[in-house]
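Here is how names work: the chains are called A, B, and so on, in the same order as the sequence lines, proteins then strands, and each is numbered from 1.
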Amino acid sequence: MAKVREDSKKRDSSRFTFCSPSARGTSHVTLRAPSGTAPRKGGGGRGREGGDGRRRNSLTQTRRGGGRKDCILARLVPRARLSMTTIHWFRKGLRLHDNPALVAAIDENKELRPVFVLDPWFVRESRTGVNRWRFLAQTLVDLDTSLKQLGSRLFVVRGKPEEVFPKLFKEWNVEKMTWEVDTEPYARTRDEKIEKLSKEHGVKVVCKVGHTLYDTEKVIRTNLGKTPLTFQGLEGVLKKIGLPPKVVDRPTSLPEGCKISSEVASDPKYDPPTLKDLGVVESDLEPCLYPGGETEALKRLEKYMERKSWVRSFEKPKTIPNSLQPSTTVLSPYLKFGCLSCRTMYYRLLEVYGSKPSQIAQESLLGQLTFREMFYTVGATTANFDQMEGNAICRQIPWKRDEKMLEAWEFGKTGFPFIDAIMIQLRKEGWIHHLARHAVACFLTRGDLWQPWEDGMKVFEELLLDADWSLNAGNWMWLSASAFFHRYFRVYSPIEFGRKTDPHGDYIRKYIPKLKKFPDNYIYEPWKAPLSVQKAAGCIIGQDYPRPIVDHQKAREENLKRMGQAYQAGK
DNA sequence: TTACCTGTTGTGGGG
DNA sequence: CCCCCACAACAGGTA
């Protein structure tokens, strides 16, 4: 049976672990355009017919300023040159299933051109590590393949969106453009610019909500303009709204008018980027555990949904952070890029549960989706959400930035094997369990190192495959007891927390082979091992593996005091 | 005003 | 495996 909430309490929902891109910082890769990929000037290449005379006139009018002469001229121009195009702009939402904006772009009288823009901003300003670049590259290839099966393709273009699109509007004779709503700050500014440019070019824009279960603006309106800051608060609002919109069918074929010529379909200038194009040095990559793409996402979803009793009894807090194989679904990277629709997952879960959402516990997989929704909703309506300063919901805490502390944490050199193993797994594999994120986030901030949560967030942003801006910032505030969560005296022990679920330290031995030979009773605190034991293990602490960067008990106590003071000051 | 309840996921000890 | 408690005590909502 589905895990039903105890008693009459109505709770349900969830979120997927932490992260997404934001401003500042440096990327570790540079973008190189493949040779010969500069956008072709002038409208060549489109020999197909389409559209009707009336449409042509109105478009020509709008675009050229509406002069009467233009109308007459338009009638004289051969039809073929004036066939209309619709652009669907892929950003997130890198999928064909449940993609309302893509479906809105399908019009039998217009050629469909699905576009992905390799925006130099993302390359330079977003903190995207090699694992996530690889995931994106794989995702784009998968998307292109799926589109080709429909008689279309993915058009990957390089450049700033505000420079790319005006060129494409002219070159492709674009009449309409669709995209999925993105609530992140950079995306909003970008999309406003493109919407304005579209108007100037007479291009109609259609935006659809698809990355979140609900329209975040509608959620806020329903809550009378207030941003829900608790799970229960959000749940109450969602209950008023009802179920999220039904999933939209995946297009299984395209009308003839939407298809592109084989010449265009095989033009290499629009091909998805290779890893080299993205500046990724292949030798820097570890084996790929979570391949990107919609195909993989749906396969993974089904693999887990088949395990019905597992799904029904799933309780996030009871899953294991340090198992050798993931104890949760690892669907988060697919949700982040929109390879998997959260609504598809939502309704698939309801099928498996066989009960109403209100009967499903908040620790369930469905609950994780509601937490995701909460962070998206709050992130969409809170100024400076990804920083402490100027962030109205974030407690002001006098963190003390120390580069050495941050670096030790970031590269798994704190001397606490449990913490270091997690950070090493993160760097290598791009994914760590949600509770492992808790342990290292608490350790970096209020627990031990007293470093600003923003610094930790940026590291996650680079290294996580599922780095999702709203979730990352929200969870870092949560774990640092800066917002959402306030019981700061609950501190994860960097020693005991891991020991509960992995008493032999197999996880540590896997990711820190140097410590492999330590006996079980010292594996979580090897500095306590007598020198003879260290020698026997072939690993001298302070030489082959770092001494603990802080005394956990002392640091914890001191930080508790500081938290108390910060909370007092905030009143 | 005060008391109480609830809030996804602490630790360490005990039964 | 489960639950309970003390630890020392947060915010925000409700009665």
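Ring geometry for A:F460 versus A:W409: interplanar angle under 30°, hence parallel rather than tilted (30 to 60°). A tilted orientation is assigned to the rings of A:Y567 and A:Y488, their planes being inclined by 30° to 60°.
In this entry the distance linking CG of A:L435 with P of B:dT8 reads 15 Å, nearest Å. Rounded to a whole Å, the CG atom of A:L479 is 12 Å from the C1' atom of B:dT8. In this structure, A:L234 atom CG and B:dG7 atom P are separated by 15 Å, rounded to whole Å. Per the geometry, CH2 belonging to A:W478 stands 15 Å off C1' belonging to B:dG10, to the nearest Å. To the nearest angstrom, P of B:dT8 lies 15 Å from CG of A:L366. A:H433 has its NE2 atom 18 Å from the P atom of B:dT8, to the nearest Å.
Each of A:Y507, A:Y524, A:F416, A:Y492 was scored for a ring-ring contact (aromatic ring centres under 6.0 Å, His included) with A:F497, with one residue passing: A:Y492. Of the listed residues (A:F411, A:Y545, A:Y511), just one forms a side chain to side chain contact (heavy atoms under 4.5 Å, CB included) with A:D420, and that residue is A:Y545.
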All N/O pairs under 3.5 Å across the protein-nucleotides 11-15 of chain B interface:
unit_1: B:dT11; atom_1: OP1; unit_2: A:S493; atom_2: N; d: 2.8
unit_1: B:dT11; atom_1: OP2; unit_2: A:K500; atom_2: NZ; d: 2.9

Pull out every protein N or O sitting under 3.5 Å from an N or O of nucleotides 5-10 of chain C, one pair per line with the distance.
none

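For the C1' atoms, the distance linking C:dA15 with B:dT1 amounts to 12 Å, nearest Å. Taking atom C1' on both B:dG7 and C:dA9, the two are 14 Å apart, rounded to the nearest angstrom.
In this model, the phosphate group of B:dG7 is approached by a side-chain N or O of A:Q232 to a distance below 4.0 Å at OP1 or OP2.
Ion pairing between a basic and an acidic side chain is recognised when a charged N comes within 4.0 Å of a carboxylate O; A:E496 and A:R499 show such pairing.
When only modelled atom types and interatomic distance are considered, A:T319 and A:T328 share no side-chain donor-acceptor pair under 3.5 Å.
Heavy atoms from other residues, nucleotides or ligands lying under 6.0 Å from CD of A:E389 number 12 at most.
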Base-pair map of DNA chain B as dot-bracket, where | denotes pairing with a different strand and pairs are Watson-Crick or G-U under 3.5 Å
.||||||..||||||
